[in-house]
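Data block below; observations after.
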Amino acid sequence: MTSQLSEERSEYLKEALAFLDRQMIRFPSVNGQVGFDFQGLRQSFREDPKHPDSKMVAHFGRIWVYDIALSIYADLKANRVRQAGYQVGRVMQLALCEEAKGYRGLWHFSYNTKEDIFIDARGPAGANCWCLNAIYAYLLQRPDPGVLQWANRMVRDYLFPLQVMDAGDARYGLV
């Protein structure tokens with residue numbers, strides 16, 4: 001029984017990694033609004049005729065920041081540390097592009113990566129925190145002082161100011 005379960009998990013992992021690899025953007029794919037080329041990251045959806053919204057998000061190569069975090073985690077879990085590191089570098093570059101354009105968050109919620117300049121105006125702390133957490137997970141496997149310094153600066157400049165510090169507030173200590 002244990003061997004069969006192990007084989008099923010192994011097959012599932014192979015299929016999931018193959019899906020992620022098919023989602024890789026392998027050609028220049030610039031969102032003109034932010035001025036960033038998403039090549040090397042993975043778009044979040046593929047078109048599914050059974051799902052009415054998938055055509056729109058798949059057609060424009062939409063990427064959600066939360067999905068970038070999951071993609072980094074998946075590569076780390078599969079011991080594809082170099083590939084995870086490449087994504088970490090790309091998502092850091094995206095944050096730097098956002099900062100250069102005057103955005104005062106880290107990343108927007110989602111981005112179209114082809115044939116459209118759409119950027120979701122929201123920048124939720126949850127998705128941004130997941131992405132930062134994925135960067136720290138990468139750092140546990142591949143320490144890099146430059147990446148660590150950048151991530152710590154983002155926590156200090158972006159995340160800490162969102163924390164409720166009024167001891168009388170029921171949300172005290174939360175982001």
Side-chain angles (χ1 to χ4, degrees), residues 12-13 15-78 80-139 141 147 150-151 153-155 157-159 161-162 174-175:
Y12 176 78
L13 180 60
E15 289 173 16
L17 291 172
F19 170 79
L20 287 175
D21 290 342
R22 285 191 304 272
Q23 296 303 102
M24 184 74 67
I25 299 172
R26 301 187 186 284
F27 51 87
S29 193
V30 177
N31 180 301
Q33 188 171 338
V34 73
F36 181 77
D37 183 354
F38 286 85
Q39 185 175 3
L41 293 174
R42 295 176 171 117
Q43 64 185 33
S44 295
F45 285 93
R46 65 179 165 173
E47 192 170 335
D48 178 356
K50 297 178 205 161
H51 192 285
D53 297 329
S54 74
K55 184 173 185 158
M56 180 186 71
V57 295
H59 175 79
F60 293 112
R62 179 98 35 102
I63 286 181
W64 274 263
V65 169
Y66 176 77
D67 292 342
I68 295 171
L70 293 179
S71 182
I72 292 168
Y73 282 123
D75 281 336
L76 291 173
K77 182 70 175 170
R80 300 190 315 183
V81 179
R82 197 171 97 187
Q83 192 162 325
Y86 180 78
Q87 290 184 87
V88 165
R90 298 297 294 140
V91 80
M92 286 172 58
Q93 290 172 356
L94 174 57
L96 292 171
C97 282
E98 288 277 29
E99 187 176 45
K101 293 279 187 179
Y103 185 58
R104 295 296 164 236
L106 277 172
W107 301 282
H108 281 91
F109 193 48
S110 67
Y111 304 82
N112 281 359
T113 66
K114 61 183 181 182
E115 299 182 27
D116 188 74
I117 62 169
F118 172 81
I119 294 175
D120 192 318
R122 299 169 292 171
N128 284 312
C129 287
W130 273 106
C131 205
L132 279 172
N133 197 41
I135 291 169
Y136 282 113
Y138 165 75
L139 286 166
Q141 292 195 28
V147 174
W150 180 87
R153 181 173 68 86
M154 294 302 103
V155 168
D157 295 349
Y158 167 73
L159 190 57
L162 299 177
L174 299 176
V175 171

### Message
Would you say CZ of Phe27 has more than 12 non-hydrogen atoms from neighbouring residues, nucleotides or ligands within 6.0 angstrom?
### Response
yes
### Query
Would the Tyr136 and Tyr138 ring centres measure less than 6.0 Å apart?
no
### Task
Determine the minimum heavy-atom distance between Cys129 and Leu159, stating which atoms define it.
SG-CD1, 3.3 Å
### Task
Would you check if the side chain of Thr113 reaches a backbone N or O of Gly61 as a donor-acceptor pair within less than 3.5 Å?
yes
### Message
Side chains of Cys97 and Tyr103, heavy atoms from C-beta outward: is any pair under 4.5 Å?
### Response
no
#### Entry: salt bridge (charged side-chain N to carboxylate O under 4.0 Å, His left out) involving Asp21 - partner list, sequence neighbours excluded
Arg42, Arg80
### Task
Would you check if there is a donor-acceptor pair between the side chains of Ser44 and Gln23 at a distance under 3.5 Å?
no
### Task
For the residue pair His59 and Glu47, confirm or rule out a side-chain donor-acceptor distance under 3.5 Å.
no
### Asp120/Arg122 ion pair, N-O < 4.0 Å
yes
### Message
A side-chain contact here means heavy atoms from C-beta on lying under 4.5 Å apart; do Val65 and Phe109 qualify?
### Response
no
### Query
By ring pair (Phe, Tyr, Trp, His ring centres under 6.0 Å), which residues pair with Tyr66, not counting sequence neighbours?
Trp130
#### Entry: Pair Gln43-Tyr111, side-chain donor/acceptor within less than 3.5 Å
no
### Sub-6.0 Å ring centroid separation between Phe45 and Trp64
yes
### Query
Taking only residues two or more places apart in sequence, or in another chain, which ones meet Arg153 in a salt bridge (charged side-chain N to carboxylate O under 4.0 Å, His left out)?
Glu99, Asp157
